[in-house]
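In what follows, residues are counted from 1 in the order of the sequence shown. Order of appearance sets the numbers: ligands from 1, and atoms from 1 within every ligand.
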Amino acid sequence: MPVRSVIIGTGAKLPSQVLTNKDLERMVDTSDEWIRTRTGIHQRYIAGEGETNSYLAAEASKEALEMAGIRARDLDLIIVGTMSPDMPMPSVACLVQRELGAEKAGAFDLSATCSGFLYGLSIADKFIKDNQRLKILVVGSEVLSRRVNWKDRGTCVLFGDGAGAAVVAGEKGDRGILSTHLHADGTLWELLTIKALGTAVPLTPEVLEKGWQYIQMQGRDVFRHAVRALEAVAWEALEANGFTGEDVDLLISHQANMRILEHMRERLGLSREKVFINIHKYGNTSAASIPIALDEANRSGILTPGMNLLMVAFGGGFTWGSVAMRW
Ligand code: COA
């Protein structure tokens with residue numbers, strides 16, 4: 001029997017405030033109708049005071065630990081995928097480690113934008129293959145509301161805040177992670193970027209005037225690349241496991257645009273109930289989108305033992321990847 005990485009607990013945390021499309025109509029030149037038809041988003045959650053990235057991440061993690069039935073001090077490693085940490089140093093993962101009291105866990109953040117959770121899951125899988133006794137917490141957590149320009153209608157309607165978490169452990173048997181595939185293309189970085197706030201570009205009045213402290217996206221180009229990469233990585237995962245589209249019981253894709261999800265569904269030949277969708281409630285929560293969806297699918301009973309689950313993500317960098325698993 002092979003040792004596989006199994007998800008033994010999931011959790012999610014959304015901030016307390018909801019921002020609807022109607023609210024956005026009062027902020028920028030947009031309409032509920034445009035946002036719904038072009039993106040599928042109806043509302044998103046926005047972090048209020050005290051609802052920091054590390055707070056959301058820790059709360060999601062507590063839920064995941066509770067479901068897993070293990071104590072924080074049994075964790076060996078904490079990986080947080082994020083592009084909107086509380087601060088450059090320390091990492092969100094270290095703040096989560098402190099909040100949970102995960103005394104013996106190593107902790108680090110991982111920068112792979114919207115693919116962060118799947119990159120993290122892939123790393124956890126490698127650790128567990130090396131030592132099946134390890135317990136690893138993988139989190140995706142974002143406060144993107146602090147990274148968007150609320151005057152730019154091309155981006156501010158898309159993103160939301162939230163966190164999702166999963167506890168991964170080793171188990172002998174058929175269930176667990178079957179394959180992971182990671183990809184990147186740094187040559188296209190300028191299509192989706194926050195140019196300032198790192199160390200390369202000083203925050204001068206000119207830079208602030210250009211809005212380089214916010215997410216800048218060439219939406220149409222990103223859309224084109226996202227559609228192509230997500231479909232390709234899905235087929236790559238299926239082929240690696242000797243599967244066809246018919247073998248997929250549930251697809252959990254990064255929730256960036258309803259039209260991208262619909263395109264994937266058609267190309268893979270999946271029926272509607274096999275594609276998990278919650279973009280209407282949360283918008284694009286970047287690294288948090290897949291673990292939030294995973295937790296919803298898990299708690300609602302949509303995910304049942306033995307199901308073949310395919311997860312795919314795409315984001316700035318560009319980064320993209322897949323994790324296929326038997327639930
Ligand atoms: N409300 C109303 N009109 C808007 C708008 C808004 N919020 N945002 C843009 N528009 C306008 C544009 O100005 C443009 O007007 P014009 O034709 O007069 O120039 C028109 O709508 C079409 O813009 P375009 O950018 O071509 O729209 P689109 O159909 O490509 O949809 C996105 C825009 C952002 C929703 C879409 O490109 C997208 O989802 N991109 C990918 C995002 C993604 O996948 N990210 C993944 C990585 S996180």
Task: Is_contact(atom 20 (C) of ligand 1), protein non-hydrogen, under 4.0 Å - done: no
Open item on the list: Under 4.0 Å, heavy-atom basis, I'd like to know which part of Ile260 is in contact with ligand 1: side chain, backbone, both or neither.
Closed with: side chain
Task: Identity of the nearest option to atom 10 (N) of ligand 1, non-hydrogen atoms only, from Phe314, Trp320, Trp34 - done: Trp34
Task: Shortest protein heavy-atom distance from atom 28 (P) of ligand 1, along with the residue and atom involved - done: Arg259 NH2, 3.9 Å
- [ ] From atom 42 (C) of ligand 1, work out which of Met217, Glu25, Met258 has a heavy atom at the shortest distance.
- [x] Met217
Open item on the list: Less than 3.5 Å apart, any donor N or O on the side chain of Glu142 or Thr285 sitting next to an acceptor on the other?
Closed with: no
Open item on the list: Tell me the nearest of Leu192, Thr285, Val222, Ile41 to atom 45 (N) of ligand 1, using heavy-atom distances.
Closed with: Val222
TODO: May I ask you to say whether Arg259 pairs ionically with Glu262, meaning some side-chain N is under 4.0 Å from a carboxylate O?
DONE: no
Task: For atom 30 (O) of ligand 1, the protein heavy atom that lies nearest, with its residue and separation - done: Arg220 CG, 3.9 Å
Open item on the list: Judged on heavy-atom distance to atom 11 (C) of ligand 1, which of Gln218, Arg153, His225 sits nearest?
Closed with: Arg153
Open item on the list: Measuring from atom CG of Asn308 to atom CG of Leu251, what distance do you get when rounded to the nearest 0.5 angstrom?
Closed with: 12.0 Å
Open item on the list: Applying salt bridge (charged side-chain N to carboxylate O under 4.0 Å, His left out), can you list everything that pairs with Arg36, at least two apart in sequence or on another chain?
Closed with: Asp32
Task: Polar contact flag, side-chain donor to acceptor under 3.5 angstrom, Ser54-Asp86 - done: yes
Task: CZ (Phe223) with more than 12 external heavy atoms under 6.0 Å - done: yes
Open item on the list: If we count only non-hydrogen protein atoms and require a distance under 4.0 Å, does atom 16 (P) of ligand 1 qualify as touching the protein?
Closed with: no
Open item on the list: Strictly less than 4.0 Å: does any protein heavy-atom distance to atom 40 (N) of ligand 1 fall in that range?
Closed with: yes
Open item on the list: Quick check on contacts: which atoms of ligand 1 are under 4.0 angstrom from a heavy atom of Cys114?
Closed with: 48 (S)
TODO: Using atom types as modelled and distance alone, determine if a side-chain donor or acceptor of Asp247 lies under 3.5 Å from a backbone N or O of Thr244.
DONE: yes
TODO: Run the numbers for me: atoms of ligand 1, each under 4.0 Å from some heavy atom of Arg38, listed by number.
DONE: 29 (O)
Open item on the list: I'd like to check whether Thr30 has a polar contact with ligand 1, where a contact means an N/O of the residue lying under 3.5 Å from an N/O of the ligand.
Closed with: yes
- [ ] Not counting sequence neighbours, which residues clear side-chain hydrogen bond (donor to acceptor under 3.5 Å, both in side chains) with Glu209? List them please.
- [x] none
Task: Heteroatom proximity flag, Asn284 to ligand 1, N/O under 3.5 Å - done: no
TODO: Output the distance between atom CD1 (Ile290) and atom CZ (Phe276), rounded to the nearest 0.5 Å.
DONE: 12.0 Å
- [ ] Output yes when a protein non-hydrogen atom is found under 4.0 Å of atom 7 (N) of ligand 1, and no otherwise.
- [x] yes
Open item on the list: Closer than 3.5 angstrom, by distance alone: can the side chain of Arg44 be matched with the main-chain N or O of Val157 as a donor-acceptor pair?
Closed with: yes
- [ ] May I ask you to check whether His254 has an N/O atom sitting below 3.5 Å from an N/O atom of ligand 1?
- [x] no
Task: Interfacing atoms of ligand 1 (cut-off 4.0 Å, heavy-atom, Val157) - done: 7 (N)
Open item on the list: Using a 4.0 Å cutoff against the non-hydrogen atoms of Phe223, which atoms of ligand 1 qualify?
Closed with: 38 (C), 39 (O), 40 (N), 41 (C)
Open item on the list: With nothing but distance in play, are any N or O atoms of Thr39 less than 3.5 Å from an N or O of ligand 1?
Closed with: no
Open item on the list: How long is the straight-line distance from CG of Leu294 back to CD1 of Ile302, given to the nearest 0.5 Å?
Closed with: 11.5 Å
Open item on the list: Working to the nearest 0.5 angstrom, can you tell me the gap between Arg267 CZ and Leu230 CG?
Closed with: 13.0 Å
